[in-house]
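Below: one structure, written as structure tokens.
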Amino acid sequence: MDHVTSRPSASQADQSRHAWTEPGVEDLGGGVYRIPLPLPGDSLRAVNVYAIAGDDGVDLIDAGMALEQARERLTEALGQLGYGLGDIRNFFITHIHQDHYTLAVQLRTTLSGTITLGEGERINMEAIRNVEAGRNELGFIEMLPAMGAPELADRVRGFVAGHAGRYRRLRWSDPDRWLADGAQLDLRSRTLRAIHTPGHTRGHVVFHDEAAAALFAGDHVLPHITPSVGFQPAIDTLALRDYLGSLRLMLTLPDSRLLPAHGPVCESTHARVNELLAHHETRLEQTLAAASGGPVTALRAAEAIPWTRRQRKFADLDPMSQVLAIGETAAHLEVLVIRGQLVRHASPEGVDTYKLPVG
Ligand SMILES: [Zn+2]
């Protein structure tokens, strides 16, 4: 056979990269099932809900987004496993982002399932309330002027206003239970331990099943993409420092199967954690190089480094991706300050610039 045709084409490679988003139920063994639910837009495409089957009900890790299509897909999938929505006992949510949390809140209005969320997310819930009441803007917009990007803040305000209908329809209310770090969840068939892994959001938790050597990782460790850090309703300038600490924490646990919220199940959590740690060290070097020529804002540094796995220019990203990119850059600059490799200076107008320490 011709060697050219035997190689997978770009579109085939793309197809296999997205194979995990195909509707259905994946049996992972031991009564655990992966159920991908749809998301709008084609950046993340889908979110995995994990169902843990029990004799008198089913427990879910993450719930998906409050969308009609997602609710239908979940109903169908649970039906295949012999359950109805009324059989959901618990929604164990890894973090407050809408694609993980909001379907649980919507279903709770008609069903009896109990929702738990890491207690570190209280501050984000409070920030959401403040935004709803008009007391604050979303943290990721409010922080942009200090990062040297007031014009982008204006553009993103416009974008958020354009999607206001969708955001208003999402219900944000407290979980039934805030989980403390280390909480043991006894599901009869197994015991999960909630481990606080701040970084992606302040109160992110992963659920560790030590006996089954499985980690329900939420967005903390993703197989194909690097999770955003600190993109959340409350401002968090130390998100990357916390995230790197939460990654290293995973290496102190025995290695386990990785059950991520976006992407396929993988055999080794440690292998991916090591890749993510190496990725951030490279980004820290690139960010340091971008700041070495003189004082830079997070915006200027973001413009100097390549983005996404396609190495795109900052100027070619859409506004929401630019917000993520500036936030990432600021988070890396702050880690370089903590490490003593850069110093930060705040102007009287409140704009932060970074440069090498003198001498
Ligand atoms: Zn998330």
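What you see below is based on every heavy atom in this structure, not just the backbone, and it leaves out hydrogens, waters and symmetry mates. Ligands are counted one by one from 1 in listed order, and the atoms in each one are counted from 1 as well.
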- Query: Which N, O or S atoms belonging to the protein are less than 2.8 Å from the Zn ion (ligand 1)?
  - Reply: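 For the Zn ion (ligand 1), the protein N, O and S atoms that sit under 2.8 Å away are H95 NE2, H97 ND1, H200 NE2, D219 OD2.
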
- E328 and S228 side chains, donor-acceptor separation under 3.5 Å: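 Judged by distance alone, the side chains do not pair up.
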
- Message: Does either side chain, that of H200 or that of H97, offer a donor lying less than 3.5 Å from an acceptor on the other one?
- Response: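 Yes, because at least one side-chain N or O of H200 sits under 3.5 Å from a partner of the opposite role on H97.
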
- In terms of hydrophobic clusters joined by side-chain contacts under 4.5 Å, are L317 and V156 together?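 As far as the 4.5 Å side-chain criterion goes, V156 and L317 are connected within one cluster.
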
- Take D219 and H262 through the side-chain hydrogen bond (donor to acceptor under 3.5 Å, both in side chains) test and state the conclusion after the steps. CA-CA 7 Å; D219 282 2; H262 309 283; 3.1 Å; yes

- For Y243 and H280, run ring-ring contact (aromatic ring centres under 6.0 Å, His included): C-alpha distance rounded to whole Å, both residues' side-chain angles, the deciding distance at 0.1 Å, then the answer. CA-CA 10 Å; Y243 182 64; H280 283 292; 5.7 Å; yes

- Which is it for D154 and R157 under the salt bridge (charged side-chain N to carboxylate O under 4.0 Å, His left out) test, yes or no, and what are the steps along the way? CA-CA 5 Å; D154 288 338; R157 273 184 204 110; 2.6 Å; yes

